[in-house]
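This is a predicted model, so every value here is computed, not measured. Letters go in sequence order (proteins before strands), and every chain restarts at 1.
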Amino acid sequence: MSLRLYNTLSGQVEEFTPLEDNRVRIYTCGPTVYDYAHIGNYRTFVFQDILRRHLKYRGYDVVHVINLTDVDDKTIRNARAAGVPLREYTDRYIEAYKVDRQLLNLEEPQKFARATEHVDDMVKLIQALEAKGFAYRNEGSIYFRVEKFPDYGKLSKIDLSGIRAGARVDADEYDKANVRDFVLWKAPKEDEPHWDTPLGPGRPGWHIECSVMAMKYLGETFDIHSGGSDLIFPHHENEIAQSEAATGKPFVRFWVHAEHLIVNGEKMSKSLGNYYTLRDLIAKGYKPAAIRYLLASVPYRKPLNFTFDGLHQAQQSIDRLRNFRFRLTKEKFPEGENPALQERAQAAREAFEEGMDDNLNTAKAEAAIFDMVRDANTAMDRGEFRDGDRGAFLDTLEHWDRIFAVMEDDDHAKLVKFGFIKPLAKGAADAISWQDEQKIAIGNGYTSAVLVESLTEEEIENQIKEREAARRRGEYARSDQIRDNLLKAGVILEDTKSGTRWKRK
RNA sequence: GGCGCGGUACCCAAGUGGUAAGGGAGAGGUCUGCAAAACCUUUAUGCGUGGGUUCGAUUCCCACCCGCGCCUCCA
């Protein structure tokens, strides 16, 4: 089986094959770095990561470019409000974005392309469009003449005749010959950053950066271009117009768009008070892996209804998988093998792969793995599981996690690493209850954290040994006290047939 | 108004022209010093509403209702 993907351009699910044998060239629209990205953004970014990972899983050599829009009305406005230069301001949020990416296990692309570092290339493309008669100037700005490009609307299926000229125009909109036309190059305004170029002074329009950076790194025709569904029009439609007008070649083969995230059935907005960044959720005590899992769980073409209940459920689901793997690796089983069970593991792997090939149906892929987990647990409980069967199940689990990337229990370590959790000295937790999950301002004052008393692994292991000794002596009051104390420090103990295990809350 | 996505159990959610995956939550049970984990049983005669096609529809068709997105530089 091979990957089938819904292509916005055709409006159908199509069999995916790359232009070049084994190499897939993909461009995904990244953030505009004027603030922290919100979980709606990350719904799309996680989806793009799932797509990327599945392509790799299927053996493709993936070349991936992500753009960073670091100049636009909002970045300029916010940088000015903050009283810092644009570059310094956007650097700050690019840094935050990259931290978020690591928290969510989003793989690194080959290239993060910043708009402001490609102004020269944009100038060249605009000049090419001017030379071919697709562009015109007006009061220092340069516009794309949409009526010169007959294919306009092929992606978004808009009917151009339906847009009435002069219906609504922004107060500060530049003069255009036709309302459908869009700006390629903006004349400089008072107090705004601008570049002095052969086109004259100004700054780039929004759409031009993606055409330029995509073609620069991926070629004039490449395989996949992805973003949120809101970008279909006008952003991606305009990219197609600019690029294909300039090159005369098809710009992108597969356009893939993620549906939006909503919160409690309503759209997310600051005014409704249901607007969350990744940091907001972490400050509430949720694990990054749970957030990733939730965002990945709903197949990308369906709106995702974000709720805290759903986030809690995601956390439970991950725990179930991690518990299973722990049992698989640590529990003692009789020697030998059970071929029927190993076939079961292999079948689960095939079912999960089939789900992913089916337009990245992550829900199906998850069901496949949970079916396997239940069957394996049952076999273990019934004594049918053999020592030699571990590998087959671990193998399927490992393959599954190449895409979902939630199995490794490193949330705590990552949060400490990036300063979201500030470990307290031992004993300090008495003064500040761990349960309170108190937020404190740390770093540059633009993030928050959960306070937690942090025990080292060695300290935890020693406590467990002490508890086991007490249990052997039948001193259950003592052993329960140790367990309670560890729980207060965020460590959960579980007694299994193969000994006591621990994990961080 | 135009284009698009969606409405499946308490919550999230898959799915198919032939009689409803999976996860979470709840209830009962097994195991355990207790707890946790795990397992077993159980929770939709029903898939937004009303029609139609069909031997048979949640799945196809029509109409309608509701949510969301875009149609103004929003992932």
Side-chain angles (χ1 to χ4, degrees), chain A residues 8 11 28-32 37-48 69 72-74 153 156-159 161-163 167-170 173 179 182-183 186 205-207 226-235 237-238 257-262 265-269 293-294 297-299 301-307 309-324 326-327 331 351 355 358 361-371 373-382 471 474-477 479-480 483-484 487 492-497 500-501 503:
Chain A
T8 307
T28 61
C29 280
T32 300
H38 55 68
I39 54 171
N41 296 319
Y42 285 114
R43 196 273 163 109
T44 298
F45 299 154
V46 167
F47 148 67
Q48 291 165 343
T69 301
D72 80 319
D73 292 347
K74 288 194 291 286
S156 55
K157 277 85 179 167
I158 61 163
D159 178 6
S161 61
I163 299 177
R168 270 193 247 163
V169 179
D170 281 356
E173 190 54 274
V179 278
F182 56 91
V183 68
K186 291 181 165 184
W206 175 34
H207 318 295
S226 157
S229 61
D230 58 309
L231 295 184
I232 295 171
F233 189 89
H235 185 51
E237 193 69 57
N238 290 351
H257 295 95
E259 275 300 325
H260 276 201
L261 171 152
I262 57 179
E266 295 179 299
K267 66 177 155 185
M268 182 168 67
S269 73
Y293 184 90
L294 174 62
S297 292
V298 181
R301 292 249 303 148
K302 181 170 175 165
L304 187 157
N305 187 19
F306 176 89
T307 63
D309 189 40
L311 192 50
H312 179 255
Q313 290 174 17
Q315 202 142 298
Q316 296 296 312
S317 300
I318 291 174
D319 282 345
R320 181 171 167 82
L321 295 173
R322 291 180 179 176
N323 284 335
F324 171 67
F326 180 87
R327 189 176 187 193
E331 197 162 311
D358 182 11
N361 191 331
T362 47
K364 220 191 250 183
E366 286 173 7
I369 210 73
F370 280 106
D371 277 337
V373 168
R374 190 193 53 246
D375 289 350
N377 272 322
T378 300
M380 290 174 183
D381 283 357
R382 288 181 182 163
R471 288 182 74 206
E475 296 168 10
Y476 293 118
S479 71
D480 288 351
R483 185 169 62 194
D484 289 347
L487 185 61
I492 296 168
L493 295 194
E494 288 167 9
D495 296 326
T496 74
K497 284 177 188 168
T500 300
R501 63 169 290 199
K503 60 185 178 183

Please report the interatomic distance OG(Ser297(A)) to NZ(Lys302(A)), rounded to the nearest 0.5 Å.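 So the gap between those two atoms works out to 12.0 Å.
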Taking only the [atom1] atom of each, what is the distance from [N] to [M] in whole angstrom?
{"N": "U32(B)", "M": "A37(B)", "atom1": "C1'", "answer": "11 Å"}
{"N": "U30(B)", "M": "G67(B)", "atom1": "C1'", "answer": "44 Å"}
{"N": "U58(B)", "M": "G15(B)", "atom1": "C1'", "answer": "10 Å"}
{"N": "U43(B)", "M": "G52(B)", "atom1": "P", "answer": "33 Å"}
{"N": "C10(B)", "M": "A44(B)", "atom1": "P", "answer": "9 Å"}
{"N": "U42(B)", "M": "G24(B)", "atom1": "C1'", "answer": "16 Å"}
{"N": "G26(B)", "M": "C74(B)", "atom1": "P", "answer": "43 Å"}
{"N": "C47(B)", "M": "C12(B)", "atom1": "C1'", "answer": "16 Å"}

On a plain distance test, is the side chain of [X] in donor-acceptor contact with the base of [N] below 3.5 Å?
{"X": "Gln313(A)", "N": "C12(B)", "value": "no"}
{"X": "Arg471(A)", "N": "G33(B)", "value": "yes"}
{"X": "Arg483(A)", "N": "C34(B)", "value": "yes"}

For the pair made of [atom1] in [X] and [atom2] in [N], what is the distance, rounded to whole Å?
{"X": "Glu494(A)", "N": "A38(B)", "atom1": "CD", "atom2": "P", "value": "8 Å"}
{"X": "Gln315(A)", "N": "A25(B)", "atom1": "CD", "atom2": "P", "value": "12 Å"}
{"X": "Asp381(A)", "N": "C31(B)", "atom1": "CG", "atom2": "C1'", "value": "8 Å"}
{"X": "Met380(A)", "N": "A38(B)", "atom1": "CE", "atom2": "P", "value": "12 Å"}
{"X": "Glu475(A)", "N": "C34(B)", "atom1": "CD", "atom2": "P", "value": "18 Å"}
{"X": "Leu261(A)", "N": "C5(B)", "atom1": "CG", "atom2": "C1'", "value": "14 Å"}
{"X": "His235(A)", "N": "U72(B)", "atom1": "NE2", "atom2": "P", "value": "16 Å"}
{"X": "Phe233(A)", "N": "C74(B)", "atom1": "CZ", "atom2": "P", "value": "13 Å"}

Could you list, one pair per line, each protein nitrogen or oxygen that sits under 3.5 Å from a nitrogen or oxygen of nucleotides 13-17 of chain B, together with the distance?
unit_1	atom_1	unit_2	atom_2	d
A14(B)	OP2	Lys302(A)	NZ	2.6
A14(B)	O3'	Asn361(A)	ND2	2.9
G15(B)	OP1	Asn361(A)	ND2	2.7

For atom NZ of Lys267(A), decide whether the heavy atoms of other residues, nucleotides or ligands shown that lie under 6.0 angstrom number more than 12.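 Check fails, neighbour count at 12 or below.
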Provide the Watson-Crick or G-U wobble partner of U72(B), both distances under 3.5 Å; none if there is no partner.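 Result: none.
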Find the partner of A27(B): check Watson-Crick (N1-N3 plus N6-O4 or O6-N4) and G-U wobble (N1-O2, O6-N3) distances, both under 3.5 Å, and reply none if neither fits.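 Across any shown strand, A27(B) pairs with U41(B).
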Working note: Gln315(A) + Asp319(A), criterion side-chain hydrogen bond (donor to acceptor under 3.5 Å, both in side chains); need CA distance, chi angles, decisive distance, verdict. CA-CA 6 Å; Gln315(A) 202 142 298; Asp319(A) 282 345; 5.8 Å; no
[X] side chain vs [Y] backbone, donor-acceptor pair below 3.5 Å:
{"X": "Gln48(A)", "Y": "Thr28(A)", "value": "no"}
{"X": "Arg43(A)", "Y": "Glu259(A)", "value": "yes"}
{"X": "Asn361(A)", "Y": "Gly355(A)", "value": "no"}

Indicate, with a heavy-atom threshold strictly under 4.0 Å, whether [X] touches base, sugar-phosphate, or nothing.
{"X": "Gly40(A)", "result": "base"}
{"X": "Asn323(A)", "result": "sugar-phosphate"}
{"X": "His38(A)", "result": "base"}
{"X": "Ile232(A)", "result": "nothing"}
{"X": "Thr496(A)", "result": "nothing"}
{"X": "Asp480(A)", "result": "base"}
{"X": "Ser156(A)", "result": "sugar-phosphate"}

Sub-4.5 Å side-chain heavy-atom contact between Asn323(A) and Arg501(A):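 A side-chain contact exists here, since the closest heavy-atom pair is under 4.5 Å.
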I'd like to know if the side chain of Thr496(A) pairs up with that of Glu331(A) as donor and acceptor (distance under 3.5 Å, no hydrogens or angles considered).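 Not at all, the side chains of Thr496(A) and Glu331(A) share no donor-acceptor pair under 3.5 Å.
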Under 4.0 angstrom between [X] side-chain N/O and [N] OP1 or OP2:
{"X": "Thr32(A)", "N": "A75(B)", "value": "yes"}
{"X": "Thr378(A)", "N": "C40(B)", "value": "yes"}
{"X": "Lys157(A)", "N": "G4(B)", "value": "no"}
{"X": "Arg320(A)", "N": "C39(B)", "value": "yes"}

Which residue lies toward the 5' end of RNA chain B, Ala367(A) or Ile492(A), if each is placed at its nearest nucleotide?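 Mapping each residue to its closest nucleotide by heavy atoms, the 5'-most match is Ala367(A).
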Would you kindly compare Met268(A) and Gly310(A) by the position of their nearest RNA chain B nucleotide and give the one closer to the 5′ end?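 The residue mapped nearer the 5' terminus is Gly310(A).
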According to the 5.5 Å centroid and 30° plane-angle thresholds, does Tyr476(A) stack upon the nucleobase of G33(B)?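 Per 5.5 Å and 30° rule: yes, stacked.
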Stacking of His312(A) on G24(B) base (centres under 5.5 Å, planes under 30°):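 Not stacked: fails the 5.5 Å / 30° test.
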Can you label the angle between the His235(A) ring and the Trp206(A) ring as parallel, tilted or perpendicular, going by 30° and 60°?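 It falls in the parallel class, under 30°.
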Evaluate Arg322(A) against Lys503(A) for side-chain contact (heavy atoms from CB on, under 4.5 Å), listing each step before the verdict. CA-CA 10 Å; Arg322(A) 291 180 179 176; Lys503(A) 60 185 178 183; over 6 Å; no
